[in-house]
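To start, the structure under review is shown below, and the notes come after it.
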2 protein chains.
Amino acid sequence: MGKAYTPATAAADVETVFKRLGGRWKLLILFHLFGGQVQRYSDLERLMPGISPKMLAQQLRQLEHDGIVARQVYPEVPPKVEYRLTDWGQALCPALDALLRWDAARDVDAAVAD
Amino acid sequence: MGKAYTPATAAADVETVFKRLGGRWKLLILFHLFGGQVQRYSDLERLMPGISPKMLAQQLRQLEHDGIVARQVYPEVPPKVEYRLTDWGQALCPALDALLRWDAARDVDAAVAD
DNA sequence: CGGTATCCCCTACGATACTG
DNA sequence: CAGTATCGTAGGGGATACCG
């Protein structure tokens, strides 16, 4: 059976999710990793024009801390670090899809309301 | 067929959703209106201890502007104002459910990983 | 009853310079 | 290559007082 929610606990849990994904660049990072993609730090820097090294590192650290992104360091010279989604992180995809479908339904609903 | 997304557009669209729902009290308001519930301004104030009148009014105005909440004024003395979800707002429920199920799956995935 | 108006604060974000 | 350290800023949020 499912978990029991009150309005307060449901709202708090969704807010927790929002905080985990809510950084300025986190969603963009996620969408560059969905589908099993693996990216190096410099790949992400190139894929996200305008991001500063501080922000990229910070957002990646938080995603890693939250168990969404996995970080793998290769002890080489020069350094090489790869980022990919954890299984749980990959499981976000259908949930974000549901939000995108809701967003896309805005116009549909408005048309029906006419 | 569905809409075509690049990482950048998908991330931008989800961020738009996050901004629409991301206010400090908006989710709590939504969860007090899901399922066709209708609440007066003073009901919401009572249901959300700690919220200031400024914040309640502001969050409601933004939700109304975004087409998620409908506001109905009864021209009576004393004043009476009711809030409910629009059809589109009500359609948020399954999407937020998907996020809650993802959140609840965190421990499950961690256990499997052992 | 159902709101505005005002003031203050905090923190997420950004630019820049530097390092193992 | 893959990051820290430091400084500066804008706006979202909160307390409080007042209004139609």
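The basis for the numbers below is simple: all heavy atoms, side chains too, and nothing from hydrogens, waters or symmetry mates. It should be emphasised that the depicted structure is a prediction, and the values quoted were computed from it without experimental measurement. Note on naming: letters A, B, ... go to the chains in the order of the sequence lines (proteins, then strands), and numbering restarts at 1 for each one.
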Find the distance A/L56:CG to D/dA2:P and express it as a whole number of Å. 10 Å
Do B/Q59 side-chain atoms and B/W25 backbone N/O form a donor-acceptor pair below 3.5 Å? yes
Apply salt bridge (charged side-chain N to carboxylate O under 4.0 Å, His left out) to B/R84 and list each qualifying residue two or more places apart in sequence or on a separate chain. B/E82
By side chain to side chain donor-acceptor pair (under 3.5 Å) - contacts of B/R101 (at least two apart): none
Once you round it to whole Å, what is the distance between P of C/dG2 and OH of B/Y83? 8 Å
Closest to the side chain of A/K80, out of D/dA2, D/dG13, D/dG3, is D/dA2
Output yes when at least one side-chain N/O atom of B/R71 is less than 4.0 Å from OP1 or OP2 of C/dG2, else no. no
Salt bridge (Lys or Arg N to Asp or Glu O under 4.0 Å) partners of residues 17-34 of chain A, not counting sequence neighbours, each pair once: A/R20-B/D103
What heavy-atom pair brings B/F31 and B/Q37 nearest, and what distance separates the two atoms? O-NE2, 4.1 Å
Tell me, which of residues 44-55 of chain B have any heavy atom that sits under 4.0 Å from an atom in DNA chain C? B/P53, B/K54
Does any N or O in the side chain of B/T86 come within less than 3.5 Å of the main-chain N or O of B/V69, such that one atom is a donor and the other an acceptor? no
Selected nucleotide, minimal atom distance to A/P79 side chain, candidates C/dT4, D/dG13, D/dA2: D/dA2
Under a single-linkage definition using a 4.5 Å side-chain heavy-atom cutoff for Ile, Leu, Val, Met, Phe, Trp and Tyr, are B/V73 and B/Y83 assigned to the same hydrophobic cluster? yes
Rounded to the nearest Å, what distance is computed from the CD atom of residue A/E64 to the P atom of nucleotide D/dA2? 15 Å
Assign B/Y74 to base, sugar-phosphate, or nothing according to its heavy-atom contacts below 4.0 angstrom with the strands shown. nothing
Through what angle, rounded to 10 degrees, does the axis of the helix from C/dC1-D/dG20 to C/dG20-D/dC1 turn between its ends, using five pairs per end? 50°
Hey, what do you get for CG (A/L92) to CG (A/D97), rounding to the nearest 0.5 Å? 11.0 Å
Classify the ring geometry of A/W102 against B/W88: parallel below 30°, tilted from 30° to 60°, perpendicular beyond 60°. parallel
Contact list please: residues 12-43 of chain A against DNA chain D, heavy atoms, distance less than 4.0 Å, in numerical order. A/R40, A/Y41, A/S42
Which residue, A/L30, A/L28, A/L27, forms the side chain to side chain contact (heavy atoms under 4.5 Å, CB included) with B/V14? A/L27
Heavy-atom closest pair, residues A/L56 and A/E45: CD2-N, 3.9 Å
